[in-house]
Amino acid sequence: MGTVGSRTDEITGERRQLINVAYRLLGSVTEAEDAVQDAYARWYGLPRSRREEIRSPGAWLSTVTSRICLDLLGSARARRERYVGAWLPEPLPDRTEWDHAGGADTTGPADPADQIVLDESVSMAFLVVLESMTPAERVAFVLHDVFRYPFAEIAGVLGRTSAACKQLAASARRRVSAAHAPPPATGRADVVRHVKEAWETKDIAALVELLDPAAVMTADGGGMTGAALRPVEGGARIAQYMIAIADKAPGLELLLRSVNGAPGLVAQRAGAIMTVAAFDISAGRVTRIWAVRNPEKLRPWGRED
C-alpha cells in the first residue's frame with residue numbers, strides 16, 4: 001500500500017525544519033542536532049500502534065523537539081555560569097563556505113549546519129538578543145514570529161494558555177524591536193572589508209575611525225584558547241586589542257566570509273581556522289564585534305581530512 005514508506009519519508013523530511021527550529025532556540029549546532037536526534041529516538045521508541053494513532057508526525061516531532069530545547073534552555077543558565085568567559089552562539093558559514101571548507105558531502109547524510117537556512121533570524125545580533133530572553137519567551141517568540149506556529153500549538157509546548165503564550169511572544173518582541181535594523185548588505189560588506197584592510201596593515205587610526213566610540217567586542221574562547229574574558233569596550237581600546245592580536249600572531253590571514261548570513265571575517269593561521277568574527281554596524285561604523293574562538297564552535301568551518 002505504500003503507507004509505511006510514505007510516512008517514513010514524511011518523518012525523515014521533517015529533519016531540516018527541526019534543525020532550523022532547534023538552532024534558533026539553542027544557538028548551538030551540536031545541541032540542536034542532539035535535540036532532534038532525541039526527538040526521533042522518542043518517536044521510534046513509541047509502540048507502533050501509538051505511532052499509527054498520531055495523525056501528524058511532523059507536528060508531534062516539532063512539539064517534542066521544542067520541549068527538549070525548552071528543557072535545555074532551562075538548564076543553560078547553570079551551564080553558562082560554569083563557562084569560561086563570555087558565551088556566544090555558534091557561527092555558521094553559508095552553503096558555499098561549508099562546501100569550500102570540505103564539510104559537505106553530497107553523497108552522504110547532510111550535516112546539520114548545512115541544513116540551516118541563513119536569514120536575519122540567525123544573524124549573530126538576533127541570536128544574542130534571543131539569549132537575553134527567558135526560555136519561555138524565546139520558545140514562544142521563535143515558534144510564532146519566526147516559524148509562524150499557531151499559539152494553540154505553542155501552548156502545548158509550554159504548558160500554558162494561548163493567551164499567556166501571546167504575552168510571552170509580545171514581551172520577547174519588545175526586546176527584539178529595541179535592536180536597530182541592519183544596514184543594506186552592500187554597506188555592511190564595505191565596512192567589514194575596510195576593517196580587514198586596516199587590521200592587515202595595522203593601521204590603528206583607520207580602525208578607530210571604523211569603530212563606533214562606544215563599540216563593544218565580545219570574545220568566546222570557552223577556556224580552550226586565548227580570548228578576553230570580559231567584553232572590550234570603546235573603539236580605541238578595541239583597535240589597540242586588534243593590533244596586539246596581529247602582533248602576537250604572525251602569519252595570520254584574514255578572509256572575508258559570510259557569517260550567519262552577513263559579511264564577517266575569518267582569521268586563519270597555517271590553514272587552521274582560529275577565529276570567526278561577526279559584526280553589527282550602524283551609520284557606517286562597527287558597533288559590536290562577536291569573535292568566536294572556541295574550537296568546538298568552529299567545526300562547521302573546516303574539517304580535518
Side-chain angles (χ1 to χ4, degrees), residues 1-74 76 89-90 92-95 98-99 103-122 126-127 130 135-136 138-160 162 165 168-169 172 260-261 299-300:
M1 296 176 61
T3 303
V4 174
S6 61
R7 173 159 276 213
T8 299
D9 291 342
E10 176 187 354
I11 294 166
T12 304
E14 292 293 329
R15 176 179 162 80
R16 180 182 179 89
Q17 172 78 353
L18 297 175
I19 288 289
N20 274 275
V21 170
Y23 174 71
R24 286 161 176 80
L25 288 178
L26 300 172
S28 165
V29 179
T30 303
E31 290 186 356
E33 171 70 355
D34 289 344
V36 172
Q37 289 291 84
D38 190 358
Y40 273 103
R42 295 186 190 188
W43 168 262
Y44 287 111
L46 293 173
R48 182 174 179 178
S49 59
R50 175 70 183 103
R51 293 202 302 268
E52 291 176 348
E53 291 174 354
I54 297 174
R55 298 180 60 183
S56 175
W60 188 94
L61 285 166
S62 294
T63 297
V64 172
T65 299
S66 298
R67 286 175 178 168
I68 293 170
C69 291
L70 181 64
D71 290 341
L72 289 171
L73 288 170
E90 293 181 21
L92 291 175
D94 64 20
R95 175 60 188 258
W98 177 252
D99 288 344
D105 180 0
T106 57
T107 63
D111 191 281
D114 189 41
Q115 300 185 61
I116 296 173
V117 176
L118 297 177
D119 57 24
E120 186 56 33
S121 69
V122 294
F126 188 84
L127 292 175
L130 292 180
R138 186 166 183 168
V139 170
F141 177 78
V142 169
L143 292 184
H144 181 266
D145 284 46
V146 178
F147 292 97
R148 303 304 178 189
Y149 283 47
F151 282 117
E153 190 170 334
I154 298 171
V157 173
L158 294 177
R160 307 191 186 196
S162 295
C165 293
L168 287 167
N260 287 61
R299 292 182 304 106

Checking L168 against F141 for the side-chain contact (heavy atoms from CB on, under 4.5 Å) test, could you report, in this order, the C-alpha distance in whole Å, the side-chain angles of both residues, the deciding distance, and whether it holds? CA-CA 7 Å; L168 287 167; F141 177 78; over 6 Å; no

Which heavy atom in [X] sits nearest to a heavy atom in [Y], and how many Å separate them?
X	Y	value
S28	E90	OG-OE2, 2.9 Å
V122	N260	O-ND2, 2.6 Å
L158	A140	CD1-CB, 4.1 Å
L143	V21	CD2-CG1, 3.7 Å
S66	V157	CB-CG1, 3.6 Å
V64	R42	CG1-CD, 3.9 Å

Using the test side chain to side chain contact (heavy atoms under 4.5 Å, CB included), find all partners of P150 that sit at least two apart in sequence or belong to another chain. E153

Would you sort out whether L127 and L130 count as a side-chain contact (heavy atoms from CB on, under 4.5 Å), showing the intermediate values? CA-CA 5 Å; L127 292 175; L130 292 180; 4.0 Å; yes

Do R16 and N20 have side-chain N/O donor and acceptor atoms under 3.5 Å apart? no

Between C69 and V139, is any pair of side-chain heavy atoms under 4.5 Å apart? no

Residue pairs passing the ring pair (Phe, Tyr, Trp, His ring centres under 6.0 Å) test where at least one lies in residues 24-48, sequence neighbours excluded: W43-W60

Rounded to the nearest 0.5 angstrom, the CG-CG distance for L25 and L18 is 11.0 Å

Atom pair OG1/CG of T65 and L70 - distance to nearest 0.5 Å: 12.5 Å

List for me each residue that meets side-chain hydrogen bond (donor to acceptor under 3.5 Å, both in side chains) alongside S162, sequence neighbours excluded, and say none if there are none. none

Among all residues two or more places apart in sequence or in another chain, which pass the side-chain hydrogen bond (donor to acceptor under 3.5 Å, both in side chains) test with R138? E131

Charged N to carboxylate O under 4.0 angstrom, R24 versus D119? yes

Sorted by chain and number, sequence neighbours left out, ring pair (Phe, Tyr, Trp, His ring centres under 6.0 Å) with F151 holds for H144

Side-chain (E31) to main-chain (L26) donor-acceptor, under 3.5 angstrom: no

Report the C-alpha distance between Y23 and L92 in whole Å, list the side-chain angles of each, state the deciding distance to 0.1 Å, and finish with yes or no for side-chain contact (heavy atoms from CB on, under 4.5 Å). CA-CA 10 Å; Y23 174 71; L92 291 175; 3.5 Å; yes

What residues form a salt bridge (charged side-chain N to carboxylate O under 4.0 Å, His left out) with D71, not counting sequence neighbours? none

